[in-house]
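Because only heavy atoms are used, hydrogens play no part in the values below, and waters and symmetry mates are left out as well, while side chains stay in.
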Amino acid sequence: MTNPSLVSLIEAFTQNGAQVDVMMPVSASYPSIDSRLATRYPFPKQFSLWRGGIRETLRGWLDLREKFKQNQIDSMFTAGAYDLIIGVDSEGLIKGYEYAKRYKLPLVYLSFEIIFRDELRSRWEIEKKEEESIASQFADLIIIQDKWRAELLTTENRISPERIEYLPVSPRSSKRTPQSNHLRKRFNISERETIVLHSGTFAEFTCASELLDSVSVWPEGFVLIIHTRYKPRKFDGHIRAIGKAMLSNVFLSTDPLAPEEYEKLVASADIGLVLYKQVPPSPYEQKNIQTMGLSSGKFSYYMKYGLPVISIKQDTYAQLLNDYKFGENIDSFEEMPKALKLIQTNYAYYSAEAKRLFSEKLSFDIHWPRLSARLLEVMK
């Protein structure tokens with residue numbers, strides 16, 4: 001589990017004496033949930049002969065092997081083990097809605113991905129979108145990252161804005177910021193060089209191709225670290241392109257990291273990249289990406305550790321830059337070298353502004369008091 005909001009929510013529930021069970025798929029590519037915080041159960045997926053595409057359908061068939069464990073989950077609901085259901089994204093909400101109706105439990109919709117009807121291609125996707133919309137109208141509370149994404153979701157799913165609560169995808173504040181030389185030691189990078197970090201998914205929608213083209217013309221003294229949040233497939237085209245390019249200022253990190261280890265990695269970098277672009281026809285990589293806003297976990301991690309950020313054509317960050325000079329939101333990759341030098345020249349100011357943005361608007365701890373009060377109201 002790599003989403004800092006989910007990790008922070010589980011921690012907060014546990015610290016307040018709640019028992020938390022998480023129903024999620026298991027994957028060797030991602031760090032698993034900490035067993036000290038919650039118990040993991042297989043996600044109770046609904047089997048379908050066809051999901052609108054070969055890849056999605058085969059993935060659904062593979063999930064069938066965990067379906068046989070679902071009786072254990074159903075028995076816990078029957079025994080009255082739960083007081084609240086949180087449905088995460090479309091699939092989690094749809095399944096949570098089924099349980100909430102059957103066992104008369106309050107339902108919270110935690111939205112990270114917005115799916116838009118006009119971007120859907122298959123009948124199966126359209127049917128699932130309608131199920132999600134109906135379930136969201138039933139939800140007692142809807143949690144989303146910011147006002148920009150809330151406006152899109154309320155319009156798309158025809159839900160009331162009064163049931164919205166905001167929670168950026170962000171980690172908790174730390175009493176002590178770890179000082180880390182992790183990346184410099186690992187890759188033997190000189191103190192005189194500036195480390196630029198691209199973390200998370202390295203794919204077309206995160207501008208992988210454009211970034212590799214750009215780095216070859218970066219100013220001297222800047223190095224790029226590409227850290228993937230999951231182990232790439234053996235024949236991943238973008239990862240193979242890094243090897244073929246043989247760029248002396250590019251380093252690759254592909255081991256999945258637990259949250260505390262990831263924070264050490266971020267704390268050892270100097271500048272963070274938050275790069276997104278729309279990639280049709282995927283329903284997850286068009287408007288949902290263009291309106292990324294405060295649903296980018298890496299953005300919040302960068303702010304926490306004072307890494308100035310470079311983004312490209314992100315409206316939310318452009319608006320935030322009116323109040324916090326945490327980085328540069330440029331129009332194209334041609335402007336990347338200039339942005340890097342500008343940040344380097346005024347680094348202390350940019351870094352302080354990034355930390356200020358985190359402490360005033362992003363940190364999970366800012367939002368938890370209000371959110372926890374709303375959750376208690378829902379459970380009355």
Side-chain angles (χ1 to χ4, degrees), residues 146 168 170-171 173-174 176-184 187 189-200 206-207 210-227 247-251 263-277 292-294 296-363 366:
D146 54 56
S170 182
S173 301
S174 300
R176 182 175 61 86
T177 301
Q179 298 299 313
S180 174
N181 266 334
H182 170 78
L183 290 172
R184 294 190 187 278
F187 296 109
I189 299 171
S190 164
E191 292 287 344
R192 296 187 300 274
E193 294 179 297
T194 300
I195 298 176
V196 183
L197 177 62
H198 181 289
S199 67
T206 58
C207 304
E210 294 90 338
L211 179 58
L212 289 180
D213 289 341
S214 169
V215 74
S216 62
V217 296
W218 281 10
E220 187 177 351
F222 290 88
V223 300
L224 172 66
I225 305 287
I226 297 171
H227 172 73
L247 296 165
S248 61
N249 60 340
V250 178
F251 302 91
E263 294 205 34
K264 289 180 183 178
L265 179 142
V266 172
S268 67
D270 300 306
I271 296 173
L273 300 179
V274 186
L275 309 174
Y276 298 104
K277 70 173 184 179
M292 180 59 65
L294 303 187
S296 172
K298 62 185 170 186
F299 176 76
S300 295
Y301 274 118
Y302 295 162
M303 296 298 97
K304 178 177 180 178
Y305 291 104
L307 272 64
V309 156
I310 297 176
S311 58
I312 296 182
K313 292 183 177 179
Q314 281 291 314
D315 293 341
T316 305
Y317 301 151
Q319 293 183 49
L320 283 172
L321 281 166
N322 291 325
D323 300 313
Y324 302 89
K325 191 61 176 173
F326 56 83
E328 294 292 324
N329 186 49
I330 59 181
D331 290 324
S332 68
F333 273 92
E334 284 71 25
E335 298 177 32
M336 182 72 76
K338 179 181 177 182
L340 290 169
K341 293 295 290 184
L342 186 60
I343 288 174
Q344 185 185 57
T345 303
N346 302 279
Y347 190 85
Y349 175 65
Y350 282 103
S351 180
E353 286 290 278
K355 292 178 181 178
R356 185 168 73 91
L357 171 57
F358 179 82
S359 64
E360 292 181 0
K361 288 194 176 295
L362 297 177
S363 172
I366 299 171

Colleague: Would you find a donor on one side and an acceptor on the other, under 3.5 Å apart, between the side chain of S268 and the backbone of L265?
Modeller: yes
Colleague: Holding to salt bridge (charged side-chain N to carboxylate O under 4.0 Å, His left out), I want the full list of residues that pass it with E335, two or more places apart in sequence or in another chain.
Modeller: none
Colleague: Indicate whether the side chain of T316 and that of Q314 have a donor and an acceptor atom separated by less than 3.5 Å.
Modeller: no
Colleague: Only one of V196, L342, L273, N329 clears side-chain contact (heavy atoms from CB on, under 4.5 Å) with I310; which?
Modeller: L273
Colleague: List in chain and number order the residues that pass side chain to side chain contact (heavy atoms under 4.5 Å, CB included) with S190, two or more places apart in sequence or in another chain; answer none if no residue qualifies.
Modeller: R192, E193
Colleague: Which donor-acceptor pairs under 3.5 Å do side chains of residues 215-226 form with protein atoms, sequence neighbours excluded?
Modeller:
unit_1	atom_1	unit_2	atom_2	d
S216	OG	D213	O	2.9
W218	NE1	S214	OG	3.0

Colleague: Y301: what forms a ring-ring contact (aromatic ring centres under 6.0 Å, His included) with it, not counting sequence neighbours?
Modeller: Y262
Colleague: Rounded to the nearest 0.5 Å, how far does NZ of K298 lie from NE2 of H227?
Modeller: 10.5 Å
Colleague: How would you list all residue pairs meeting ring-ring contact (aromatic ring centres under 6.0 Å, His included) that involve residues 318-349, not counting sequence neighbours?
Modeller: F299-F326
Colleague: Going by salt bridge (charged side-chain N to carboxylate O under 4.0 Å, His left out), name the residues that satisfy it together with D270, two or more places apart in sequence or in a different chain.
Modeller: R184
Colleague: Could you verify whether a donor N or O on one side chain and an acceptor N or O on the other, from S170 and K304, lie under 3.5 Å apart?
Modeller: no
Colleague: Check whether any side-chain heavy atom of L320 sits under 4.5 Å from a side-chain heavy atom of L294, and report yes or no.
Modeller: yes
Colleague: Could you tell me if the side chain of I312 sits less than 4.5 Å from the side chain of D331, heavy atoms only?
Modeller: no
Colleague: Residues in side chain to side chain donor-acceptor pair (under 3.5 Å) with S296, at least two apart?
Modeller: Y276
Colleague: I'd like to check the salt bridge (charged side-chain N to carboxylate O under 4.0 Å, His left out) partners of K361; sequence neighbours left out, ordered by chain and number.
Modeller: none
Colleague: Is any side-chain heavy atom of I271 closer than 4.5 Å to a side-chain heavy atom of L197?
Modeller: no
Colleague: CG/N181 to CD1/I189 distance, rounded to the nearest 0.5 angstrom?
Modeller: 10.5 Å
Colleague: Sort and list the pairs that fulfil salt bridge (charged side-chain N to carboxylate O under 4.0 Å, His left out) and have at least one residue in residues 337-354, not counting sequence neighbours.
Modeller: E353-R356
Colleague: Taking only residues two or more places apart in sequence, or in another chain, which ones meet E210 in a salt bridge (charged side-chain N to carboxylate O under 4.0 Å, His left out)?
Modeller: K277
Colleague: Using every non-hydrogen atom in the two residues, find where A354 and L307 come nearest and quote the distance to one decimal.
Modeller: CB-O, 4.1 Å
Colleague: Do E328 and L321 have side chains that get closer than 4.5 Å, going by heavy atoms?
Modeller: no
Colleague: Any side-chain heavy atom of S359 sitting closer than 4.5 Å to one from K355?
Modeller: no
Colleague: Using side-chain heavy atoms (C-beta onward) and a distance below 4.5 Å, is V274 in contact with T206?
Modeller: no
Colleague: Show the nearest heavy-atom pair for residues A267 and Y305, with the distance to one decimal.
Modeller: CB-CD2, 3.9 Å
Colleague: Are the side chains of L275 and K313 in contact, using a 4.5 Å heavy-atom criterion?
Modeller: no
Colleague: Is there side-chain contact between S174 and E263, with at least one heavy-atom pair below 4.5 Å?
Modeller: yes
Colleague: For Y350, which residues count as a ring-ring contact (aromatic ring centres under 6.0 Å, His included) partner, sequence neighbours excluded?
Modeller: none
Colleague: List the residues meeting side chain to side chain donor-acceptor pair (under 3.5 Å) with T194, not counting sequence neighbours, and say none if there are none.
Modeller: Q344
